[in-house]
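Reading through the structure tokens given below for one structure.
Below, each value reflects all heavy atoms present in this structure, side chains not excepted, and no hydrogens, waters or symmetry copies. Protein chains get the first letters and strands the later ones, always in sequence-line order, with residue 1 at the start of each. Just so it is clear, the structure is predicted and the values come from calculations on it, not from any experiment.
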Amino acid sequence: MFLPDLQSTLKAAQEIAETIHAGQVVYLHGELGAGKTSFVQGLLRAWGYHGAVKSPTYTLVEPYEFSQFTVYHFDLYRLKDPAELGFMGVEEYFSPESICLIEWPERAEGYLPKADCIIELSYDGEGRDLKFVKSS
Amino acid sequence: MLVLGIETSCDETGVALYSSEKGLVDHLYYTQVRTHVEYGGVVPEIASRDHIQKLSPLVQTLFERAKCDISQVDGVAYTAGPGLAGALLVGAAFARSFAFARSIPAVAIHHMEGHLLAPFLEAQQPNFPFLALLVSGGHTLIVKVSAIGDYQILGESLDDAAGEAFDKTARLMGLGYPGGPALAKLAEAGNPQAFKLPRPMLDREDFNFSFSGLKTAVAHLIQKNPEILISAKADLAASFQAAVIDTLIAKCARALKATGLKQLVVSGGVSANQYLRQQLDSQLEAIGAKAFYPRLEFCTDNGAMIAYAGYLRLKVGQARDLDFSVRARWGLDELKG
């Protein structure tokens, strides 16, 4: 799907949000600036969060509480060794009551649950290309 | 009163001793140890595990260097948030246990309050009320400071923090990661007008920032013409830096005008940026205002600012019960005096 601008990224995310449920894991692939965090913002908006969405580059994970579930937004770029996830107590984040949105999942290969949904964003001229794969 | 300060919110382990009589007694931090203390090992990537290993020996060294005994400590201050929960817990547990063992009070400190008060460790200090720009890898905030604990957030970044934009753009330019300081160094040799980059959110009346689009603008420039990373790398760095800093200064000037304040405290990692300091000093002078900064080593995370904030809070009898918790997310405006 071609996304000409930020607004269309947010809109696409809002549509996809309806297909994501508690207990699921979403991987977000894409280069720096491809729009992963903007996409997450679109998902969170669809679920009813309207505040600022910051990339958890430094904190690695940001929680967002909703009445039905908790969303954990991960950015694993800074992981040097996937084993470090163990020190974060990462397994506690994956539960039937949570939705985990994971940027840079490739940094933690073998240490994360399988994705229920994979989002791939890439540059396409001034706009972006979105690929969306649902595996469950 | 002698206060031990503990900072473990991200990936720097900072410890310090602040005395009501002598001021800052001494301080140490792990990533850029001031002295020749050799700890070795890798720079911590995920902090909690490393904090556990580093904190205790660091505190021991601090007392040895300061020629103090732990029996002289009257209170312990620790960063309780915001930050990485696991990392915060290490400092909180250490500080609480230390205080319990010595039967002295412990006080939980907001990390950003520490940054906000860091210029008070210097000879040149602002008077209340003042405006503060807190600008680091994790935060970009404009705060109205009426008194200790009376903080009103006027504006903040809606996406990437300014320091984060520096680090991410440095990554795009192949300067390593985190490469913010390397980008700033490279910018010294460049022309800040060489590339036209957006000044995000300047058209909006509010005091909020958005730096994510600037990073994307740089990505587009590189994509269109990868040559510029060879032919005009310094110009690109300078143009990017100017775009961030122009925006920061414009919003601060606007907030100073709106509040009628004349003093601006600038703190956090990005406040070490020399271009920011030069530009701010000259532009604030033009509007009859003045900027206050911490010394360079206290721009980044450190124990000294936590010890000082702790001293102020312990002085008025604030301390925490034995139980403790940390807060990964914690608004500065939730604090009280």
Side-chain angles (χ1 to χ4, degrees), chain A residues 5-6 9-10 30-41 44-45 49-65 70 72-90 92-93 103-104 107-108 111 121-128, chain B residues 9-11 42-52 81-90 136-140 155-161 163-165 167-173 177-178 208-220 222-224 269 301 327-329 331:
Chain A
D5 53 22
L6 177 64
T9 300
L10 293 173
E31 290 169 52
L32 197 62
K36 299 183 295 297
T37 301
S38 299
F39 192 90
V40 167
Q41 188 179 9
L44 291 168
R45 268 198 204 168
Y49 174 84
H50 295 280
V53 176
K54 291 165 189 176
S55 165
T57 313
Y58 295 87
T59 53
L60 294 167
V61 57
E62 282 283 327
Y64 298 88
E65 305 273 347
T70 301
Y72 294 107
H73 177 201
F74 291 84
D75 180 343
L76 302 182
Y77 188 85
R78 297 222 308 159
L79 276 193
K80 249 187 196 155
D81 182 343
E84 290 180 330
L85 272 182
F87 293 102
M88 270 173 80
V90 75
E92 288 170 33
Y93 292 97
E103 298 187 28
W104 299 100
R107 296 266 162 172
Y111 282 80
L121 287 155
S122 53
Y123 284 96
D124 187 348
E126 292 284 316
R128 301 289 187 278
Chain B
S9 70
C10 198
D11 44 16
V42 292
V43 174
E45 207 54 33
I46 296 218
S48 13
R49 171 187 42 164
D50 298 274
H51 285 311
I52 290 173
L84 190 59
L88 291 165
L89 276 171
V90 176
S136 67
H139 302 269
T140 310
E156 63 182 317
S157 176
L158 302 178
D159 41 52
D160 290 355
E164 184 176 4
D167 283 343
K168 286 185 169 174
T169 302
R171 200 161 102 198
L172 285 171
M173 294 178 62
Y177 186 81
N208 290 329
F209 303 96
S210 165
F211 292 113
S212 176
L214 200 49
K215 160 193 82 190
T216 306
V218 171
H220 278 306
I222 297 172
Q223 259 186 342
K224 263 189 223 152
D301 295 350
R327 294 177 66 177
R329 285 160 75 105

Original post:
So how far is it from B:Q223 CD to A:D124 CG, rounded to the nearest 0.5 Å?
Top reply: 9.5 Å
Original post:
Could you give the distance from OG1 (B:T140) to NZ (A:K54), rounded to the nearest 0.5 Å?
Top reply: 7.5 Å
**OP:** Name the option with the most non-hydrogen atom pairs under 4.5 Å to chain A; the candidates are B:G83, B:G137, B:G138, B:A219.
**Re:** B:G137
**OP:** Rounded to the nearest 0.5 Å, what's the gap from NE2 on B:H220 to OH on A:Y123? Could you check?
**Re:** 6.0 Å
Original post:
Got a salt bridge between B:K224 and A:E126, using NZ or NE/NH1/NH2 to carboxylate O under 4.0 Å?
Top reply: yes
Original post:
Heavy-atom distance under 4.5 Å to chain B: side chain of A:T37, backbone, both or neither?
Top reply: neither
Subject >> Any residue meeting side chain to side chain contact (heavy atoms under 4.5 Å, CB included) with B:K215, in chain and number order, not counting sequence neighbours >> reply: A:L32, B:D160, B:K168, B:T169, B:L172, B:S212
**OP:** Side chain from CB out, backbone as N, CA, C, O: work out which of these in A:P56 comes under 4.5 Å of a heavy atom of chain B, or both, or neither.
**Re:** neither
Original post:
What part of B:S157 is in contact with chain A, defined as an atom under 4.5 angstrom from a non-hydrogen atom: side chain, backbone, both or neither?
Top reply: backbone
